[in-house]
Structures are given as C-alpha cells and as structure tokens.
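If you read the sequence from its start, that first residue is 1, and numbering goes on from there.
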Amino acid sequence: MKEQINVLLVEDELSLAMLIKENLESKGYEVCHAENGDLALKSFFQEKPDLVILDIMMPKVNGFNVAKTIRNTDRKTPVLFLTAKVQVKDVVKGFESGGNDYIRKPFSMDELLVRMKVLLGNDRLIDVAEESDQVFFELGAYLFDSRKFILKTGNKIIAKLTSRESELLKLLCQNENQILTKKSILLKVWDDDSFFNSRSLDVFISRLRKHFKEEPKVNIINIRGVGYKLLVD
C-alpha cells in the first residue's frame, strides 16, 4: 500500500461522515467528503481517489447510480458500500452496480478499516492463496488425500469429500495458520466472487467443520468481515 491513501467518503449524514473522516485521518488516510451523489461524482473525477466509501441512500443521485457512473470509465477503484439495507436483493444490486464490498450500518471502525485494507490489497496480514503441488496433508490425527478427496486415519476413511470440498480444504491447508480473504478463496475455488457464491462458501465451510468435529486439534475459524483461517495444533 502506498504511503498516502486517498479516500472519497460519500455520506449525507453529516455526524456519521465527520466521525468516519476523523477516524480515518487519525490512521493516516487522506479523506475527501461529499454529501450527495452529484458532489460525489465531481469529486471522484477531480480527486481520483484510491478507494470510495459510498452510502446507498442519498439525495439527488443514490449510491447505486454513482457506482454505475464510476464504472463506466473506471473498473479498478474499489467501491465499498455503506448500507442500512439488509435484503439480499439490495446487496446483489450493489454488486451488480459495481461495488466490491459492503458494510451494514451500524458498524465498528475496526471492521471498516479491515474491509478497506482488504480492498486496497494490504497483504501483510491477509494472505492470498498460493499454488502447491503437495497432495497429502496431516491434520491432527487425520490425513487428507487431496488427490482422492478423502480424509482418513490409518486405514479408516473418515469422510469422502466432493471435489469442491477437497479443493477448498486443500487451499486452507496450503495456507495453514494464515488468514485467507473470502475474495481470494472465491476467485480460486469458484472463479467468481459473487454474493451467491459467498453464501455457498459459508455452507462448504460448515461441511468441512463437521468432518473435523471429532478432531479437536483442527479448527476452521471465521475472521469476521475478512475470511477464514485453518488452525492445526
């Protein structure tokens, strides 16, 4: 990440905007605030920010339309939606309009900062998946054979995995004791980081946890708002 990150904050609720702005500036970010969609678009093309934090419900031009306009000429600048909406259709609409991530109000500054770091590509704490030719992985008392899609102990098969379960577990094993972002997992295993695949990922993680319910030395933990981490004692 470069030394000075420029953030465009688009939020019409002034008290919340000032709170976010002050907190981000205390962390070294440079923040430009716009209070409506029209000003947001003017500021975006003038300031060329590194990240846009964009409220959805705003006067004049809503966040969805601001994001769509930005994406007409810019496909790379991360857009993080702030939303009080909780329905799936609204979240999907946010992604379809060009958003990279969203955070629901009310939220903590810690969660906002983590999501920003992920979008800005700060890999010092959040590692992306790497390739490996390794086939066998020791997971506590279990042995994972990623070629045959099985978990076993000795000659006893504990579980027969689906190909996607096996691919997901192998990815976690390759990055044992490291945080993997949801985005990196989805792009690696699903080739698509859509909202619906994100929900599928959560289901597959639950399945893997069930396979290890009798092995306390293996845990797949959820890092809220970031991703997952495989811990093996």
Sub-3.5 Å donor-acceptor pair from the side chain of [X] to the main-chain atoms of [Y], do we have one?
X: S43; Y: L39; answer: yes
X: N62; Y: F64; answer: yes
X: T153; Y: Y142; answer: no
X: N175; Y: Q178; answer: no
X: R71; Y: S97; answer: no

Can you list the residues that meet the side chain to side chain donor-acceptor pair (under 3.5 Å) rule with [X], with sequence neighbours excluded?
X: S108; result: none
X: R209; result: none
X: K105; result: E11, D55
X: S166; result: none

With rounding to the nearest 0.5 angstrom, report the [atom1] to [atom2] distance, [X] to [Y].
X: D101; Y: T181; atom1: CG; atom2: OG1; answer: 10.0 Å
X: L230; Y: F212; atom1: CG; atom2: CZ; answer: 7.0 Å
X: N197; Y: D191; atom1: CG; atom2: CG; answer: 9.5 Å
X: S206; Y: H211; atom1: OG; atom2: NE2; answer: 11.0 Å
X: I221; Y: I205; atom1: CD1; atom2: CD1; answer: 11.0 Å
X: W190; Y: L201; atom1: CH2; atom2: CG; answer: 4.5 Å

Look at the side-chain heavy atoms of Ile, Leu, Val, Met, Phe, Trp and Tyr, link any pair under 4.5 Å apart, and say whether [X] and [Y] land in one connected group.
X: M109; Y: L16; result: yes
X: M57; Y: L41; result: yes
X: F107; Y: L120; result: yes
X: V52; Y: F45; result: yes
X: L187; Y: V189; result: no

Going by atom type alone, with no hydrogens or angles, which donor-acceptor pairs under 3.5 Å involve a side-chain atom of residues 75-82 and a protein atom two or more places apart or on another chain?
{"from": "T77", "atom 1": "OG1", "to": "D74", "atom 2": "OD1", "distance (Å)": "3.1"}
{"from": "T77", "atom 1": "OG1", "to": "D74", "atom 2": "OD2", "distance (Å)": "2.9"}

Could you pull out the closest heavy-atom pair between [X] and [Y], with the gap in Å?
X: D12; Y: E35; value: CB-O, 3.2 Å
X: K152; Y: I157; value: CB-CA, 4.0 Å
X: N222; Y: G227; value: OD1-O, 3.2 Å
X: K182; Y: S198; value: NZ-OG, 3.3 Å
X: K229; Y: N177; value: CE-O, 3.2 Å

Is any side-chain heavy atom of M116 less than 4.5 Å from a side-chain heavy atom of V7? yes
Would you call F137 and K170 a side-chain contact if the rule is heavy atoms closer than 4.5 Å? yes
Sequence-distant partners of E25, salt bridge (Lys or Arg N to Asp or Glu O under 4.0 Å), two or more places apart: K21
Would you check, one step at a time, whether the test side chain to side chain donor-acceptor pair (under 3.5 Å) holds for D202 with Y228? CA-CA 10 Å; D202 296 336; Y228 294 101; 2.5 Å; yes
Could you point out which residue of V218, L139, I220, L231 forms a side chain to side chain contact (heavy atoms under 4.5 Å, CB included) with L172? I220
